[in-house]
Structure formats: C-alpha cells, structure tokens
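Beneath this line is the structure, given in structure tokens, with notes to follow.
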There are 2 protein chains.
Amino acid sequence: MTPMTAARTSIPADRPQLGLRERKKIKTRTAIRDATYRLIEEQGYDATTIEQIAELAEVSPSTVFRYFPTKEDIVLTDEYDPLLEAELRARPEDEPPMDSLRYVLGKAVVVGMAEDAEVTRLRTRLMAEVPAVRSRMMESMSVTSHLLCQVIGERTGRGPDSFEVRVFAMSLIGGLMEVSLYWAQHDHEDDFAELVDRALDVLEHGLTPRAE
Amino acid sequence: MTPMTAARTSIPADRPQLGLRERKKIKTRTAIRDATYRLIEEQGYDATTIEQIAELAEVSPSTVFRYFPTKEDIVLTDEYDPLLEAELRARPEDEPPMDSLRYVLGKAVVVGMAEDAEVTRLRTRLMAEVPAVRSRMMESMSVTSHLLCQVIGERTGRGPDSFEVRVFAMSLIGGLMEVSLYWAQHDHEDDFAELVDRALDVLEHGLTPRAE
DNA sequence: CCACCTTTTGACAGTTACTCTCATTTCATG
DNA sequence: CATGAAATGAGAGTAACTGTCAAAAGGTGG
C-alpha cells in the first residue's frame, strides 16, 4: 500500500549465505515493524495494541516482545549509532569537533531522508504527538550522547567522562530533539538539513543577541 | 524516621483560613509522596507498587491516581515553574538572557537544596537509575523549556516560537539534565551549584578547545 | 534420510500501571 | 439541618509487559 510497506530493509540479507534462521529473523523483524506502521497510520498509536500487531505480522504476541522490548521501540529502533561513530572517527584528527559534527550530522540527515522519507516523517510526527514515543526517543538519544562523549572526549583531550563534554553532548541531543519536534509541528515544511545546521549554530555560538 | 518523613510541605497551608477540604487535600498529597519516598528507599522503585503506597498513605489506590497521573509523577512533581518564570521576569529587561538564567538557576539550586537536600538527592539518584523516572523528568523539563521560550523569546525580540530560541531552551534543558545525572553518578560529591555554573559556561561559549 | 541438539516460537498464566463507572461518604452553605 | 457539590472507595476492565514450558523448526553428523 504505502511506500512504507516495502523497503524496510536497511539491513539487507548481508551476505547471501546467511542461513534460513537468520533470514527468517530479519523478515519477522521487518514484518512486525511494517505491521506497526500500517496500524498506527490507520488508527493511531494508542489504539494500536500489540495483539493487533502480532496478528497482522502473523506471529504471536510473545514473539513481538522477543524482538522489541517495548512498543515504542518498534517505532524507533534503528541502528545508526555505529555508523555515526565510524563517520565521526573518520574525520581528520585536527578538525574542530563542531565541524566534524556538522559534517556527520548533515550526512546522516541526507542518508536518513533518502532511505525512507515517509517513515522519517511518521516517526517525527509520533515523537511530537505521543509522549511515550518522545520519551523513548530521548532515552535512545542519550545512548547516542554517550557515544558522542567517547569520541569528543578523545578528540578534545578531556576524558570521555569529562563533565564539560557530557554536558555539551547532552545539550546537543536536546537541541537536535527540538529540531525534530519543530520540524514535525510545522508539518515538515522546512528543510530538515537546514534546520539542523541552524541548530548547530545556536549550539556553537549560543543565542546571539540579535535575530537574523 | 528520615528527615524526609517530615517537612514535605513546600506549599504550607497558604492562608490559615483555607477550608478543611483544601487542607485535607494537601495532607493527602504529601502523605502519598512521603509514603512513596519511604517505600522506595526501603525496597527500590520497581518493587514499590501503587497498592503499597496507597496502603501506607491510608488511601485507596484510586485516590493515588487521582492525585498523580503516573507513578513517576509522585516522585517528581513539584511546582517550581511559576517561581522560575516570576524570577526570570523580575530580572532587568536589558540583562543578557544568559546572565538572567545564570542568576535564576543559581538561586533555584540554593532554594531547592535548602528545602530538602535529602529528597533532592533521592530524586536525582532515581533519575540516574530508573529509566522511567528519567524519561518523565525529561518530559516535565520540556514543559519548563516552553516556559523559557516564552520569556527568552520576548526578551530577545524573537517570538516564543522562534526556532533558535526553542533549540536553545531545549539544549539548556538537556545540559541541566546531564548535570543532575553527573552529580548523582558521582555520589553527589560535587557542589551542585558549581556544576550548574560550569554547565552554563559550556552552553554559553560552546565546548572551548582546551580543557581547564 | 534419519536421529539429535539447539534455537525459535506459541500458549498461557501472572503482574501491575492505569482507566472508568458508580455508589457512598464528606465537607460547604443557606 | 437540609441540600448540593466535591472527594473517596470499590470494583471491573484494559493492555503492556514478564516468565515458564512444551512444541516446532532449523542445523548437523552419521
């Protein structure tokens, strides 16, 4: 039906020879996610129960919970973190952290949007509308924050548990969170990449005294 | 028992003449909160059920839910927001927003710690340890963020829905969140007020190139 | 192709946070 | 004290999880 129904395989059958078992697992995972997205679009987040998801995905409720710890995770989980880390580490050692971040995040946005813009929009919409989803997103972003701490901590010579680095990373996360919210609340009319860029300006220089 | 058991009345019987009904409501509210703190200290957050809380507070479970929408709210809810707003607005018009924030937050920390340091520590500890509490805290802080947007939006001449202001406010919230986490994870050994101050430095100037 | 072991699955029972409804009790007021 | 409004408690119901155990499916050596 929607473009979402297909193409939810960011992790394609990595290597053709993968064993029936592994392939089935991936299929189940995406089946659950697809079912979830479809049901949520039709009837909303709260009205969608795990039982319905299980039925549509043709698995048992137990299996749903085996694949995703919480309902919110079905919507949100994605493994961009390792990519993010790799990209960050690939930046030249002497590049100022802020520039590295700007580059990497910019790239991440492009990739994310290219992969499935529809899903990205649904996700941010749910983040804005469903508190539980927003909370879960914050949690998962704070994991990303720790990852940032590692890299930035190394690059700046402070440790990964440096107070300043941690505060910086988390405030970055907060800022990016708000970018998504703003974008969704304005009906995804702005250019997401540009918003991220402007947000980074704020993070870098603080709130400049005069507008424009 | 603990110093917590008493003195949970940040809102004292505002005016002596308040009607038995209102006074009882306040008592019930604090009874529920006290019971919750006590049970959590004894047996941990997850192991503490609403039923137990209700029993110890000598009300029915229904009543607990009438006073607090979620279990996390029993631990966290506190109405500092109006005070915060008032204090912020009381700052001179021409003071740079960052300076106003520094002053107001500094004061808030002092007041919060003076009121009941024990509870403050328990709360931050729970924030660090219990994901659900942390999430709820984030939610409630994002409410505070909106409030900040109002004031800062006015002061800086941009509207309260200015993208830059929103990003700034939310990144501030994220940063402060991390302050609390850091503080709790380091066993509350640092001076909280000083940590807040250092966090604001990061927010104001970004991550400066060299440590110290 | 078959036996054997491991992983995955489904069925089921149980817990708990939270919602809704309705009758009862408790306070406020004339 | 009578009357209305607000607060409470009791109880039934929902849905997200958790844990257990037996059956089924996939992989492997003969």
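Below, each value reflects all heavy atoms present in this structure, side chains not excepted, and no hydrogens, waters or symmetry copies. Within every chain, numbering begins at 1; the chains are lettered A, B, ... in the order of the sequence lines, protein sequences first and strands thereafter. Here the structure is a predicted model, which means the values were calculated and not measured.
Atom CG of B/Asp73 is separated from atom P of C/dC18 by 9 Å (rounded to the nearest Å). The distance between atom CD of B/Glu72 and atom P of C/dA17, rounded to the nearest whole Å, is 10 Å. Atom pair A/Arg21:CZ and D/dA25:C1' shows a separation of 7 Å (rounding to whole Å applied). The CD atom of B/Glu22 sits 11 Å away from the C1' atom of C/dA28 (whole-angstrom rounding). Rounded to an integer number of Å, the gap from NZ of B/Lys25 to C1' of D/dA5 is 12 Å. Residue B/Gln43 contributes atom CD, which lies 11 Å from atom P of C/dT16 at whole-angstrom precision. One can place CG of A/Asp46 at 11 Å from P of C/dC20, the figure rounded to the nearest angstrom. Put simply, NZ on A/Lys27 is 14 Å from C1' on D/dA25, counting in whole angstrom units.
Using cut-offs of 30° and 60° for the angle between ring planes, the A/Phe192 and A/Trp183 rings count as tilted.
Within the 3.5 Å criterion, the main-chain N or O of B/Val59 finds no donor-acceptor partner in the side chain of B/Thr63. Using a distance-only test at 3.5 Å, with no hydrogens or angles considered, a donor-acceptor pair links the side chain of A/Ser162 to the main chain of A/Val165.
For A/Gln52 and A/Gln43, the side-chain atoms include at least one donor-acceptor pair closer than 3.5 Å.
Closest contact between the side chain of B/Thr28 and the listed nucleotides C/dT19, C/dT6, D/dT8 involves D/dT8. With C/dA17, D/dA16, D/dG27 as the choices, the nucleotide that has an atom nearest any side-chain atom of B/Thr49 turns out to be C/dA17. Nearest to the side chain of B/Phe65, among C/dC27, C/dT19, C/dT9, sits C/dT19.
By the 4.5 Å heavy-atom criterion applied to side chains, A/Asp34 and A/Leu56 are not counted as neighbours. Between B/Ile26 and B/Arg23, every side-chain heavy-atom pair lies at or beyond the 4.5 Å cut-off.
Residue side chain A/Arg66 does not reach the base of C/dT8 through any donor-acceptor N/O pair under 3.5 Å, judged by distance alone.
Note on B/Phe68: nothing from the nucleic acid sits closer than 4.0 angstrom, heavy atoms only.
B/Tyr67 has no side-chain polar atom (N or O) that falls below the 4.0 Å cut-off from OP1 or OP2 of D/dA7. Residue B/Lys24 has a polar side-chain atom (N or O) positioned under 4.0 Å from OP1 or OP2 of C/dC27.
Stacking of A/Lys71 on the aromatic ring of A/Tyr45 is recorded, both the 6.0 Å distance cut-off and the 45° axial limit being met.
Of the residues in residues 51-64 of chain A, those lying under 4.0 Å from DNA chain C by heavy-atom distance are A/Val59, A/Ser60, A/Ser62, A/Thr63.
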